[in-house]
Amino acid sequence: MIIVLDPDVSESQINEVTAAVRQHGLQVHRSDGVEQTILGVVGASRGIDPQRFALLPGVRDVFRVSTPYRLASRQFRHEPTLVTVGEVTIGDPEVVFIAGPCAVESEELLDGAASAVATAGARILRGGAFKPRTSPFDFQGLGEPGLAILRRVADRHGLAVCTEVLAVEQIEVVAAHADLLQVGARNMQNFPLLAALGRAGRPVLLKRGLAATIAEWLAAADYLLAAGNPNVILCERGIRTFETATRNTLDLSAVPVVKELSHLPVIVDPSHGAGDRRWVPALARAAVAVGADGVLIEVHTNPDIALSDGPQSLTPEQFAATVNRCRIIASALGRTIATGVDHA
Ligand code: PEP
Ligand code: MN
């Protein structure tokens with residue numbers, strides 16, 4: 001249920017409406033927009049008549065939400081949400097590039113990638129220290145030492161850090177090293193992980209599940225929002241279809257659809273979408289053209305020796321060329337892409 005308040009509602013009226021909702025054992029999430037304050041009612045509200053709240057002073061409208069998600073919806077918040085990661089704002093006119101290897105392999109290799117992506121215009125360094133691998137016999141990541149490497153290298157090059165959290169017990173150590181906590185596609189519906197990340201005090205990058213509908217994805221975002229974390233960035237990374245020519249099918253239509261349905265920023269990961277570096281530059285350009293707020297690209301200084309996702313990783317030269325071409329598209333749309341600086 002969503003309660004839209006009058007534009008001139010007073011604080012005491014808001015408190016009364018909030019108290020009335022809580023009397024039913026429901027929670028209230030408040031969204032203060034430029035023109036209107038909206039209360040999102042969370043909990044089992046099915047049996048409760050919206051009219052109970054519609055007649056309270058200061059209430060303009062009460063309606064039930066028919067979608068499985070509420071807090072991520074545009075009905076709850078009209079204005080786009082801006083998420084700040086380190087010193088970078090996502091959802092702004094700037095299209096933010098997040099780049100780096102699939103996994104942190106060594107300080108030397110990561111440093112090479114970080115230098116290259118910072119120079120090309122990326123603002124956030126990515127790299128997995130805890131890797132969700134299909135086979136238990138594949139490289140699982142360096143774990144905690146990988147996080148320390150990531151932080152040191154990113155700081156050296158003036159970049160923020162994005163890295164994956166696989167399990168609740170990793171949240172504390174990952175949050176101590178990273179600016180943006182990634183939930184991988186395989187964990188999109190790991191509800192205990194999402195609820196715990198909702199309390200982690202760090203922005204979250206929520207990848208779309210391999211077979212998740214947009215509604216399921218936004219409902220997963222609601223777990224983070226309902227647990228008290230407003231800083232959620234959605235990431236389209238391709239879904240499973242009958243097509244086998246690409247690793248996944250990058251659903252670029254999700255970008256305008258999500259922008260219509262939700263206030264959350266949305267970025268695109270063409271690397272996991274394509275699974276092959278030949279298709280990544282074109283898909284990155286398309287992502288910018290379709291309105292993505294950011295692009296996540298895997299980059300490795302020597303993709304042939306990468307311990308994971310080498311075939312889809314761009315070389316530093318390919319990455320720089322891709323960012324330059326994306327910049328032309330961004331500027332045609334009134335958006336910007338940072339020009340590179342390596343602070344090393
Ligand atoms: C990754 O970003 O390296 C990754 C494992 O992504 P996904 O969860 O989208 O497969
Ligand atoms: Mn990867």
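Indexing begins at 1, ligand by ligand and atom by atom, following the structure's order.
A pairwise comparison of heavy atoms in Phe63 and Gln75 identifies CE1-NE2, 3.6 Å as the closest pair. Residues Glu11 and Arg30 approach most closely at OE2-NH2, 2.8 Å, considering heavy atoms.
Within the 4.0 Å heavy-atom shell around ligand 1 one finds Glu298. For Gly128, the closest heavy-atom approach to ligand 1 does not fall below 4.0 Å.
For the Mn ion (ligand 2), the nearest N, O or S atom contributed by Asp309 is named OD2. The nearest N/O/S atom of Glu298 to the Mn ion (ligand 2) is OE2.
Within ligand 1, the atoms closer than 4.0 Å to a non-hydrogen atom of Cys102 are 3 (O), numbered from 1 in the order shown. Taking a cut-off of under 4.0 Å to the non-hydrogen atoms of Gly184, the atoms of ligand 1 that pass are 8 (O).
We find the CD-OG1 distance between Gln318 and Thr315 to be 3.5 Å, quoted to the nearest 0.5 Å. With rounding to the nearest 0.5 Å, the separation of CZ in Phe242 from OG1 in Thr244 is 10.0 Å. To the nearest 0.5 Å, atom OG1 of residue Thr37 and atom CG of residue Leu5 are 6.0 Å apart.
When the options Glu164, Arg237, Glu236 are ranked by their closest heavy atom to atom 9 (O) of ligand 1, first place goes to Arg237.
The aromatic rings of Phe97 and Phe319 lie perpendicular to each other, with more than 60° between the two planes, well past the 30° mark.
Close N/O approach between Ala185 and ligand 1 is found [any backbone or side-chain N/O within under 3.5 Å]. Considering backbone and side-chain atoms together, Asp309 places no N or O closer than 3.5 Å to any N or O of ligand 1. In terms of polar-atom proximity, defined here as any N/O pair under 3.5 Å, Gln182 does make such a contact with ligand 1.
For atom 4 (C) of ligand 1, the nearest protein heavy atom (residue, atom name, distance) is His272 NE2, 3.4 Å. Nearest protein heavy-atom contact of atom 6 (O) of ligand 1 is Lys207 NZ, 3.0 Å. At the shortest separation from atom 2 (O) of ligand 1 among protein heavy atoms lies Arg126 NH1, 2.7 Å.
Residue-environment remark: CD (Glu144) stays at or below the threshold of 12 foreign heavy atoms within 6.0 Å.
Comment: Asp293 engages Lys259 in a salt bridge, judged by a side-chain N to carboxylate O separation of less than 4.0 angstrom.
Using modelled atom types and a 3.5 Å distance limit, the side chains of Ser115 and His157 yield no donor-acceptor pair.
Rounded to 10°, the angle that NE2 of His272 and SG of Cys102 form at the Mn ion (ligand 2) is 170°.
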